[in-house]
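A quick write-up on the structure given underneath.
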Amino acid sequence: MSEIFENSGRTELSQLGEFGLIEHLTKNVKLYNESTIKGIGDDAAVVSHGGKKTLISTDMLIEGVHFDLMYVPLKHLGYKAIMVNLSDICAMNGIPTQVTVSIGISNRFSLEAVEELYAGMLLACDKWKIDMIGGDTCSSQKGLIISITVLGEADEDNIVYRKGAQKGDLICVSGDLGGAYMGLQMLEREKAVFLETPTAQPDLEGKDYIIERQLKPDARMDVVELLKALSIKPSAMIDISDGLASEILHICKQSNVGCKLYEEKIPIDTLTYETAREFNLDPTVCALNGGEDYELLFTVPQSAYEKIKNQPDISIIGHIVDESEGHYLISKSNNAHEIKAQGWNAFKGA
Ligand code: ADP
Ligand code: MG
């Protein structure tokens, strides 16, 4: 199950020292963007987005809180840590361009383990041509901490906020939902089996798609590019990190509007659907509250309907109504259910 601690060759981090480690980790960093004037190696990076606006977002991941190394390989963790940051820039309708990466690591981790983490991060950077331009390296007493800051660019006129949704707008979502959550359920179940019977082999056969949705999400840069190619500027947009319910409520709250979503329109992959059933879960609830799909949820004026209706990777799942009409999901049996946010709460149990 866990490959991380089974490295045959183990190099202690103390053999390299901080500067040796930084040099080693960043020796393969490539720069792709003209906007990067100076990357790693000085006291600060220098970036110029020319006449464009700079978008900035930052995220922190803590072992045991945000990820579990029992079933998350470090390479996947690095990849996902970068992608979830890029996703935030996409959600503003911007193009991510640079990241800084700060890590806190304990001596439990070998050089080979940290190399895996960086291999995943650099793979994600390479996919969307993002420059790693700096970071910080600290020791931690216990556990792994990763903090990533992403910079992006956009023309001022193209930036899309959460606040612009208007009555009558269509509510759209990219890809499919609930898969990352079902992938997590599978991994959690296998972990429980493993803890009880360490000799048991993980049984994830046929579940590749949802496992990948959990471990290797992609930022939807392609959707940002598609919208641009279709000359559609969404009126509001957000990325789905906490689940559809929570995200649509963010858009509605900031736009002072209500919404109607239709259960039958919510895109759910067959494997997600079947796995939810296996777990005695309602697939729609998984899509609404599961989270971590990193798809884009956005609203467009009705005039964009003709352009968007035949896009295979975009679903129209409802429309915006007056705030006084509330926030409802119309079920397949035509009942109206009030939408409530049950997204992940950063301080639950604290
Ligand atoms: P300073 O002491 O001035 O903060 P550092 O020695 O921490 O500088 O960093 C040297 C260079 O390496 C800087 O460009 C910094 O941004 C970069 N850097 C440090 N740690 C990391 C890391 N974990 N990943 C990527 N770049 C890093
Ligand atoms: Mg430093």
Side-chain angles (χ1 to χ4, degrees), residues 4-5 7 9-49 54-67 69 72-89 95-153 216-217 219 221:
I4 303 146
F5 303 108
N7 277 315
R10 180 183 165 105
T11 313
E12 297 301 328
L13 293 176
S14 55
Q15 284 173 245
L16 286 105
E18 182 191 337
F19 299 127
L21 176 64
I22 297 172
E23 217 176 286
H24 186 80
L25 290 178
T26 58
K27 68 173 191 284
N28 294 324
V29 167
K30 288 193 202 97
L31 298 180
Y32 305 98
N33 293 282
E34 263 178 43
S35 52
T36 305
I37 313 292
K38 173 75 197 177
I40 291 167
D42 214 308
D43 292 309
V46 182
V47 169
S48 168
H49 286 129
T54 300
L55 309 171
I56 307 175
S57 178
T58 192
D59 244 325
M60 189 167 200
L61 297 172
I62 296 180
E63 184 180 353
V65 179
H66 302 104
F67 57 88
L69 292 177
V72 180
L74 281 163
K75 191 168 178 182
H76 288 75
L77 179 64
Y79 189 91
K80 181 169 174 175
I82 294 288
M83 283 299 178
V84 306
N85 272 275
L86 305 188
S87 178
D88 280 319
I89 300 296
I95 302 293
T97 45
Q98 288 91 8
V99 288
T100 64
V101 174
S102 300
I103 51 174
I105 20 172
S106 72
N107 58 12
R108 199 180 105 220
F109 295 88
S110 65
L111 173 66
E112 290 73 17
V114 189
E115 277 175 346
E116 279 292 292
L117 180 73
Y118 267 69
M121 292 196 289
L122 292 176
L123 192 64
C125 285
D126 187 60
K127 169 144 197 196
W128 292 118
K129 302 295 175 243
I130 308 298
D131 299 342
M132 187 186 287
I133 57 165
D136 200 17
T137 310
C138 291
S139 58
S140 84
Q141 287 199 332
K142 204 167 149 265
L144 175 64
I145 300 162
I146 306 170
S147 172
I148 296 180
T149 298
V150 58
L151 307 186
E153 60 176 44
K216 202 166 175 273
M221 268 270 267

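Every number for a ligand or one of its atoms is a count from 1 in the order of the listing. Computed over heavy atoms, backbone and side chain alike; hydrogens, waters and symmetry mates excluded.
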[X] N/O to ligand 1 N/O under 3.5 Å:
X	answer
T137	yes
S102	no
L25	no
I22	no

Candidates G41, C138, G135, S147; heavy atom nearest atom 19 (C) of ligand 1 found on G135
Show the atoms of ligand 1 that are less than 4.0 angstrom away from any heavy atom in [X].
X	result
V101	22 (C), 23 (N), 24 (N)
T26	25 (C), 26 (N)
D43	3 (O)
F19	6 (O)
G134	16 (O), 25 (C), 26 (N), 27 (C)

Looking only at side chains, do [X] and [Y] share a donor and an acceptor under 3.5 Å apart?
X	Y	answer
Y32	D126	yes
E112	T11	yes
S106	Q141	no
T58	T149	yes
N33	T97	no
E34	H49	no

Between D42 and ligand 1, which residue portion shows a heavy-atom distance shorter than 4.0 Å: side chain, backbone, both, or neither?
-> backbone
Does I82 reach the side chain of V101, with side-chain heavy atoms less than 4.5 Å apart?
-> yes
Stepwise salt bridge (Lys or Arg N to Asp or Glu O under 4.0 Å) check, R108 with E63 | CA-CA 13 Å; R108 199 180 105 220; E63 184 180 353; 2.7 Å; yes
